[in-house]
Participant: 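Take a look at this one; I'll ask things after.
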Amino acid sequence: MSPEPIVRGGHSTAALPCSRRRWLSFTLGVAAVPLLPAHLWAQPQAVEPWLIVEGETDGGKRLVGRILDRAPKADELRRMSRLVRVTAAYGGEDKGMPSETELEALRRLEDELCLALEEGHHSKLVMAEAGDGIRLWLIYVDDTVDIAAAMRKASSNNERVFIFSTIDDAGWTVHQGKRIRVERRRL
């Protein structure tokens, strides 16, 4: 019998802790990026306006990411009031940007997370970033989703260990706050 997959997570109604990361510069502009998953069956192909950003951590390490560059739709606000924060560590001593092999494994994990949370139907990925040895995803989830079961499903289909937590964020204030901070730097 195989051991239970390792998934660590929990639920908190407190705000997310202050990030040790900060966006310093905006690069590449606003783009409508077709998201192509590693497995074509993993998520519906959609065109969303993603803001591609580059910055650095407080320690000076490079940080790159993408943020959904639109306000939430009325039905998303009504249905998706919980924010899931998922992190996965990568890298060895350097802990800079992921290698090509690590990046491919992280993309597969993102696909598994989106598949398990039924992205596009019951959840919405709003941010992904990588840097300083950590890959972070922020995903808003429908109130009907069993997050713990979805995380177990994603873990059982992927070899990477990840940590998740949830908070209540009915107004998508975390996402909107990140968009505003980046927007101010664009102007």
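These numbers come from a predicted model, not from an experiment.
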Participant: Taking the side chain as every heavy atom from C-beta outward, state whether Leu115 and Glu119 have any pair of such atoms under 4.5 Å apart.
Facilitator: no

Participant: Taking C-beta and beyond as the side chain, do Ile139 and Lys124 meet within less than 4.5 Å on heavy atoms?
Facilitator: no

Participant: Looking at Val145, is its backbone amide N or carbonyl O close enough to the side chain of Asp142 to form a donor-acceptor pair, meaning the two atoms are under 3.5 Å apart?
Facilitator: no

Participant: Is Arg70 salt-bridged to Glu76, cutoff N-O under 4.0 Å?
Facilitator: yes

Participant: Please test His122 against Thr144 for side chain to side chain contact (heavy atoms under 4.5 Å, CB included), starting from the C-alpha separation and ending with a verdict.
Facilitator: CA-CA 8 Å; His122 294 285; Thr144 64; 3.8 Å; yes

Participant: With respect to Asp75, which candidate in Lys73, Arg78, Arg79 satisfies the salt bridge (Lys or Arg N to Asp or Glu O under 4.0 Å) definition?
Facilitator: Arg79

Participant: Considering non-hydrogen atoms only, spot the tightest contact between Leu113 and Val86 and give its length.
Facilitator: CD1-CG1, 3.8 Å

Participant: Quick one: closest heavy-atom pair of Pro72 and Trp172, and the distance?
Facilitator: CB-CE3, 3.3 Å

Participant: Working to the nearest 0.5 Å, report the span between CH2 of Trp137 and CZ of Phe164.
Facilitator: 14.0 Å

Participant: Compute whether any side-chain donor of one residue and acceptor of the other, for Ser99 and Glu102, lie under 3.5 angstrom apart.
Facilitator: yes

Participant: What are the two closest heavy atoms between Ala130 and Tyr90, and how far apart are they?
Facilitator: C-OH, 3.9 Å

Participant: Rounded to the nearest 0.5 Å, what separates atom CD1 in Ile163 from atom CE in Met151?
Facilitator: 13.0 Å

Participant: Other residues, nucleotides and ligands only: do more than 12 of their heavy atoms fall within 6.0 Å of CD on Glu100?
Facilitator: no

Participant: If you apply the rule side chain to side chain contact (heavy atoms under 4.5 Å, CB included), what do you find for Arg108 with Arg160, and how did you get there?
Facilitator: CA-CA 9 Å; Arg108 283 192 305 272; Arg160 292 202 83 74; over 6 Å; no

Participant: Looking at Thr166 and Leu83, would you say the former's side chain and the latter's main chain have a donor-acceptor pair under 3.5 Å?
Facilitator: no

Participant: Quick check on the hydrophobic clustering: are Met80 and Leu77 connected, directly or via other members, by side-chain heavy-atom contacts under 4.5 Å?
Facilitator: yes

Participant: Ignoring hydrogens, what is the shortest heavy-atom contact between Arg135 and Leu106? Give both atom names and the distance.
Facilitator: CB-CD2, 3.9 Å

Participant: Kindly compute the distance separating CG (Asp69) from NZ (Lys178), expressed to the nearest 0.5 Å.
Facilitator: 14.5 Å

Participant: Test side chain to side chain contact (heavy atoms under 4.5 Å, CB included) on Leu136 and Met127; report intermediate values, then the result.
Facilitator: CA-CA 8 Å; Leu136 166 69; Met127 192 182 106; 3.6 Å; yes

Participant: Say you draw a straight line from CD of Glu56 to CG of Leu63; how long is it, rounded to the nearest 0.5 Å?
Facilitator: 9.0 Å

Participant: With rounding to the nearest 0.5 angstrom, report the SG to CD distance, Cys114 to Glu112.
Facilitator: 10.0 Å

Participant: In terms of the angle between their ring planes, are His175 and Tyr140 parallel, tilted or perpendicular, with boundaries placed at 30° and 60°?
Facilitator: perpendicular

Participant: Mind running side chain to side chain donor-acceptor pair (under 3.5 Å) on Ser81 and Asp169 for me, showing each step along the way?
Facilitator: CA-CA 5 Å; Ser81 64; Asp169 187 16; over 6 Å; no

Participant: Does the side chain of Ile167 reach to within under 4.5 Å of the side chain of Val174, using non-hydrogen atoms?
Facilitator: yes

Participant: State plainly whether the residues Glu54 and Arg66 are in salt-bridge range, i.e. N to O under 4.0 Å.
Facilitator: no

Participant: Checking Trp50 against Leu68 for the side chain to side chain contact (heavy atoms under 4.5 Å, CB included) test, could you report, in this order, the C-alpha distance in whole Å, the side-chain angles of both residues, the deciding distance, and whether it holds?
Facilitator: CA-CA 5 Å; Trp50 288 97; Leu68 184 63; 4.0 Å; yes

Participant: Could you report the tightest heavy-atom contact between Leu125 and Leu138, atom names first, then the distance?
Facilitator: CD1-O, 3.6 Å

Participant: Below 4.0 angstrom, N of the basic side chain to O of the carboxylate: do Arg82 and Asp168 qualify?
Facilitator: no

Participant: From Ile147 CD1 over to Leu117 CG, what is the distance, rounded to the nearest 0.5 angstrom?
Facilitator: 7.0 Å

Participant: Hey, are the side chains of Val126 and Ile67 touching, using non-hydrogen atoms and a 4.5 Å cut-off?
Facilitator: no

Participant: Where is the tightest heavy-atom contact between Asn158 and Ala105, given as atom of each residue plus distance?
Facilitator: ND2-O, 4.1 Å

